[in-house]
Each structure stands twice: as C-alpha cells, then as structure tokens.
Amino acid sequence: MADSIVSETARVSPGAPEISRLRLPLHWLGVAPFFVFALLFLILPTVGLIAGAFRNAAGDYTLDNIIALLQPKLAAAYWVSIQISLVSAVLGALIGLAMAVAVIRGGLPSWLRSATLTFSGVASNFAGVPLAFSFIATLGRLGVATILLRDIFGINIYSLGFSIFSFWGLILTYLYFQIPLMIVIITPAVDGLKKEWGEAAATLGATNWQYWRMVVIPVLWPSFLGTTVLLFANAFGAVATAYALTGPSLNIVPIQLFAQIRGDVLYNPNLGYALAFGMIVITGLANLFYILFQRRAERWLK
C-alpha cells in the first residue's frame, strides 16, 4: 500500500512543474497597456524617425541630412533653442527651489503647501496652444495686463522693448510650467532635510548661514542639478507652445522642424527627421545626466 502511494506521488510530482510552466503570467496583464502604448506611440515612431533621418527622398541611406544640420540657419536655431532652454531651466529651478523651501520649511500654513503642490501638479502639465493663447491674452499688445499697465501706471511695456513673441517672451511663457515642475520634483528632496541636522549644527555653534552652506546646499545640490537638467530637456522639447506663440518669427529648432515637415516652401521631411534626431540626442543626454544626479541624491532621501 505504501509502495503504491509513493509510486503515485512520484508519478504526479513530475507533472506539477509542467502545470506551473503552462500557467499564463496573468500578473503581467496589468502593465500590458503601458508596454503597448510605449511600443505604438514612442518606440516605433522613434525608430522610424531615426531611420528617416538617414534617408533621402528616394529612400536611399545617406548622411546628407545630418550634414545639413551644420548649415548656419539650422545651427543658429539649435543655439537659440539651447539658450532659451538653459535660461528658462535655471530661472525656473532657482525660483521653484525658493518657493518649495518657503512653503515646506518656512513656517507657512499647512493649507498653503497643499494648495501650492496641487496647483504645481496641474500647471506643470499646462502647455501648448492653450498656454500660448493665455499669455497672448494677458501680455500681448492688447492683453489685459498690458492695457492695465498702460492705462493705470502709464507703462507701455512694448515701447520699452518687451514683446511676448520674442526671446524673453518665450522664456516667460516657459516659466509658467518650469517653476511648478521644479516645485513638484524638488519637494521630496526638501522634505528629506532632517530636523536633527539643524539641531546638531546649532548645538555645535553653527550659524544659520553656515548650516545652509555646509549642510543644506551640499545635500540639495545633486537634486537641484538633476532637476535643472530635466527642466532643460523639458523646455528644449516643447514644440506646440513655441510654434503657437512665436510662429516663424523666432529661429528655434521646433519652428524649423515644423517648417520642414509641414511647410510648403521648406518641405523636406527627411531633414525634419534629422532635426528631430538632433533634439532626441540633446534631450537624451540631458535625461542621462538627470538619472546620474538623481541616483546620487537618492541616498539622502532614504
């Protein structure tokens, strides 16, 4: 009897792993929509774009499109885009950090922190045509703020050289989503500053400035640099906002890209693919630096 039970167990046991191998990985179904979405709308378009950057109109592989990026007009467009992205990233990072520190560690009411973080989460995703229209309606030649400054305070900002359709106008528009994005990302790092560090510094006789210079700034520095790089990539890749606000009046990469893809005179889709490929390379490097800085900052957040 015992031998028959043992033999039956031995006969059934080898089949158990087989049944386990045949089970469907149902736990992967939850993330399947993400992978499908990434494949259809990110990976495949990116692969097609890169392939198009190295082809001509006849479909033959060539480096002419990449070499064409060295043309003075296109090179200048990259340089202006880098300047706009860098200035908006640095200003957004500094202002956003100051606001985050003031709200989180400045002793302000708790409801103000919740309101600020909620607004920042919404505003950091507000871009494109609606954002451009909002700034035109506010700071355009007939915008609400422009008319109020002119009629009440006698200040005509356009006679002083300002224009919402210029270099600084585009930077001002970008700051609307750069500052909130900085607040959202830097808040965990500011929250990671332990009260014990300040108490220990005060016990050792350090002044408030010494505490910030020797403790707070070194701790926040990797997070600050990483977020600044991310803001740079965010501004450099903004296409709809720049085109809707400035149109062809400002020589930046998104405008040149749109002209090559959709324009009637400058229509050259393969050159447009090359322009987009250059943007991918720059934003990819920026995101790589962001990951490196973020890894260094994570040890202080644990």
Are [X] and [Y] connected in the hydrophobic side-chain network, where two residues link if heavy atoms are under 4.5 Å apart?
X    : Y    : result
I282 : V229 : yes
V184 : V101 : no
Y61  : I50  : yes
V122 : M99  : no
L39  : F34  : no

Where do F236 and I84 land on the side-chain contact (heavy atoms from CB on, under 4.5 Å) test, with the steps shown first? CA-CA 8 Å; F236 193 84; I84 293 176; over 6 Å; no
So, for [X] and [Y], which heavy atoms are closest and what is the spacing to 0.1 Å?
X    : Y    : value
F162 : G169 : CE1-CA, 4.3 Å
N287 : A233 : ND2-CB, 4.0 Å
M279 : L257 : SD-CD2, 4.2 Å
A189 : L220 : O-CD2, 3.6 Å
P180 : L175 : CD-O, 3.9 Å
I252 : S81  : CB-OG, 3.3 Å

Give, for atom [atom1] of [X] and atom [atom2] of [Y], the distance between the pair rounded to the nearest 0.5 Å.
X    : Y    : atom1 : atom2 : answer
D191 : R113 : CG    : CZ    : 4.0 Å
S114 : F119 : OG    : CZ    : 15.0 Å
Q260 : N65  : CD    : CG    : 9.5 Å
W197 : Y211 : CH2   : OH    : 7.5 Å
S223 : L230 : OG    : CG    : 12.0 Å
L112 : L117 : CG    : CG    : 9.5 Å

For residues 237-247, which side-chain donor-acceptor pairs fall under 3.5 Å, sequence neighbours excluded?
| residue | atom | partner | partner atom | Å |
| --- | --- | --- | --- | --- |
| T241 | OG1 | G128 | N | 2.6 |
| T246 | OG1 | A242 | O | 2.8 |

Are there over 12 heavy-atom neighbours, none belonging to [X], within less than 6.0 Å of that residue's [atom1]?
X    : atom1 : value
Y273 : OH    : no
Y158 : OH    : yes
F167 : CZ    : yes

Evaluate the ring planes of F177 and Y174, with Trp represented by its six-membered ring, and classify them as parallel (under 30°), tilted (30 to 60°) or perpendicular (over 60°). tilted
Side chains of V87 and W168: does their closest heavy-atom pair fall under 4.5 Å? yes
Can you find a heavy atom in the side chain of I255 that is under 4.5 Å from one in the side chain of F258? no
Under 3.5 Å: donor-acceptor pair, side chain of S85, backbone of I82: no
With a 3.5 Å distance limit and no angle check, can you tell me whether Y78 reaches the backbone of L275 through a side-chain donor-acceptor pair? yes
Kindly state each residue pair satisfying side chain to side chain donor-acceptor pair (under 3.5 Å) with at least one member in residues 227-239, sequence neighbours excluded. Q178-N234
Strictly by side chain to side chain donor-acceptor pair (under 3.5 Å), give each pair with a member in residues 142-156 just once, sequence neighbours left out. none
Give the other cluster members for L142, using side-chain heavy-atom distances under 4.5 Å between Ile, Leu, Val, Met, Phe, Trp and Tyr residues; answer none if it is isolated. none
Does the side-chain contact (heavy atoms from CB on, under 4.5 Å) test come out yes or no for M182 and I95, once each step is laid out? CA-CA 8 Å; M182 178 66 180; I95 298 174; over 6 Å; no
Only distances under 3.5 Å count here; give the side-chain donor-acceptor pairs of residues 129-141 to other protein atoms, sequence neighbours excluded, each with its distance to 0.1 Å.
| residue | atom | partner | partner atom | Å |
| --- | --- | --- | --- | --- |
| S134 | OG | P130 | O | 2.8 |
| T138 | OG1 | S134 | O | 2.8 |

Just distance, no hydrogens or angles: give the donor-acceptor pairs under 3.5 Å from side chains in residues 42-49, sequence neighbours left out.
| residue | atom | partner | partner atom | Å |
| --- | --- | --- | --- | --- |
| T46 | OG1 | L42 | O | 2.5 |

Going through the distances and angles, do T62 and N270 end up as a side-chain contact (heavy atoms from CB on, under 4.5 Å)? CA-CA 10 Å; T62 180; N270 294 102; over 6 Å; no
